[in-house]
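Both ligands and their constituent atoms are indexed starting at 1 by order of listing. Please read all numbers here as calculations on a predicted model, not as lab measurements.
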Amino acid sequence: MHKKIFPALILVLLFAASSYASSWINFPAEWDLGQAFAVSITSTADYSDPVITWLDRTINLSVENGGAGRISYGLLGSDVRNTKPGDYKILFEFTQAGQRYKASGNIKIKPREYPRENLRVSSKMVNPPKKELSRIKSEQKLVGAALRTMTTPRLWTTPPKPPLASMTSTSHYGFRRIYNGVPRTPHSGEDLRAANGTEVTAPFAGVVVLTGFHYYAGGSVYIDSGNGVITAFFHLKDILVKKGDKLAKGQLVARSGSTGRVTGPHLHYSLFLSGRAVDPIPLLSTSITQMLKLGTQSQVN
Ligand SMILES: [Zn+2]
């Protein structure tokens with residue numbers, strides 16, 4: 001019995017005696033415009049302060065048990081509204097044994113054609129009256145600040161829990177929208193069929209960072225789930241949470257409605273990754289582990 005255990009014990013001691021650590025980063029070589037992708041840092045030894053720089057934002061990651069020993073997961077993406085297809089640099093940094101390691105690569109954001117959609121709304125929702133402009137501006141500032149929220153630890157776990165008990169899309173993310181014949185920015189989320197008063201639940205655990213009744217978005221809730229992952233719901237009738245509330249995954253947050261710029265009652269569901277609105281739907285049927293298999297791993301040390 002002892003004879004069998006002995007060689008294994010020697011191996012463990014040899015590794016423990018050396019200060020040897022191996023670390024890897026993982027990211028996809030190319031990805032579609034508007035779609036979420038996964039990245040990771042993993043190492044055989046502990047490290048601290050993992051940070052990613054992507055599309056001019058700095059994303060703080062968490063360090064957890066997993067992967068080669070320790071692992072940091074990231075969810076990133078590009079925004080159909082304001083990212084142009086092309087090559088973008090991604091930078092990974094972390095500190096290990098007193099040394100700051102940096103590794104970078106390129107991700108090609110590939111063009112993706114999203115369909116056109118004609119909508120008819122009240123004319124004041126296409127050309128807002130002058131008296132509403134300062135209100136719209138101050139709401140944009142609040143939303144901008146909420147979307148810059150960058151916290152750890154990671155509270156998001158994949159797949160997210162669908163926010164409605166019954167999920168039927170009525171308008172997809174990325175649709176190029178023509179309001180009353182006037183082209184406007186593409187759709188920043190998914191519209192889901194929801195009669196007035198339908199219960200809306202949190203796709204991830206998180207903390208409420210903003211609520212309000214906004215000019216275009218109507219009743220809105222923004223939930224921070226760490227590492228730059230933020231969920232938003234628009235056009236709500238009743239908001240049942242307030243700023244600072246800690247939410248469990250699947251917790252009731254609101255009842256849907258038809259407030260703001262709408263053609264009728266529905267739930268608008270947005271997923272922001274470090275400030276970029278991505279398509280929230282594909283993530284519902286995958287996991288971070290599955291997504292990372294689509295990336296390429298390269299060794300840092
Ligand atoms: Zn919408």
Side-chain angles (χ1 to χ4, degrees), residues 32-36 77-83 112-128 132 136 139-140 142-144 146-147 160-204 209-223 229-239 253-273 275-284:
D32 277 10
L33 178 66
Q35 300 294 311
S78 56
D79 190 327
V80 70
R81 290 175 308 177
N82 53 29
T83 314
R112 178 152 166 171
E113 272 305 298
Y114 292 96
R116 212 176 260 270
E117 181 179 39
N118 287 294
L119 297 167
R120 295 219 64 87
V121 293
S122 129
S123 67
K124 71 176 198 290
M125 286 298 172
V126 181
N127 297 300
E132 301 288 2
I136 291 167
E139 287 169 358
Q140 282 170 344
L142 287 172
V143 169
L147 296 182
K161 186 176 185 296
L164 298 178
S166 166
M167 296 279 288
T168 307
S169 292
T170 55
S171 169
H172 294 297
Y173 169 89
F175 277 12
R176 293 174 294 156
R177 297 185 132 179
I178 324 287
Y179 284 100
N180 305 357
V182 183
R184 286 289 186 258
T185 51
H187 195 205
S188 64
E190 192 81 358
D191 287 348
L192 302 168
R193 179 164 294 143
N196 263 314
T198 305
E199 291 191 343
V200 180
T201 58
F204 298 123
V209 286
L210 178 67
T211 65
F213 282 84
H214 297 162
Y215 187 78
Y216 291 119
S220 307
V221 172
Y222 292 77
I223 305 163
V229 175
I230 291 177
T231 301
F233 296 119
F234 298 162
H235 313 308
L236 302 168
K237 179 164 138 291
D238 305 308
I239 297 174
V253 296
R255 289 196 183 85
S256 68
S258 56
T259 55
R261 183 166 70 183
V262 292
T263 54
H266 71 275
L267 176 69
H268 173 104
Y269 170 31
S270 267
L271 174 64
F272 293 91
L273 302 176
R276 305 282 167 173
V278 303
D279 185 350
I281 299 304
L283 201 58
L284 293 168

| request: Name the orientation class of the two ring planes belonging to Tyr222 and His214 (parallel below 30°, tilted from 30 to 60°, perpendicular beyond 60°). | output: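 Geometry flag for His214 against Tyr222: tilted rings.
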Can you tell me if, anywhere in [X], an N/O/S atom lies at a distance from the Zn ion (ligand 1) that is smaller than 2.8 Å?
{"X": "Asp191", "value": "yes"}
{"X": "His235", "value": "no"}
{"X": "His266", "value": "no"}

| Under 6.0 Å between the ring centres of Phe175 and His187? | no
| said: Do Lys124 and Tyr215 make a side-chain contact, defined as non-hydrogen atoms from C-beta onward lying under 4.5 Å apart? | reply: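 Lys124 vs Tyr215: side chains touch.
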| Opening angle between ND1 in His268 and NE2 in His187, taken at the Zn ion (ligand 1), to 10 degrees |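 Between ND1 of His268 and NE2 of His187, at the Zn ion (ligand 1), the angle is about 100°.
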| remark: Heavy-atom nearest pair, Val209 first then Ala146, reads CG2-CB, 4.2 Å
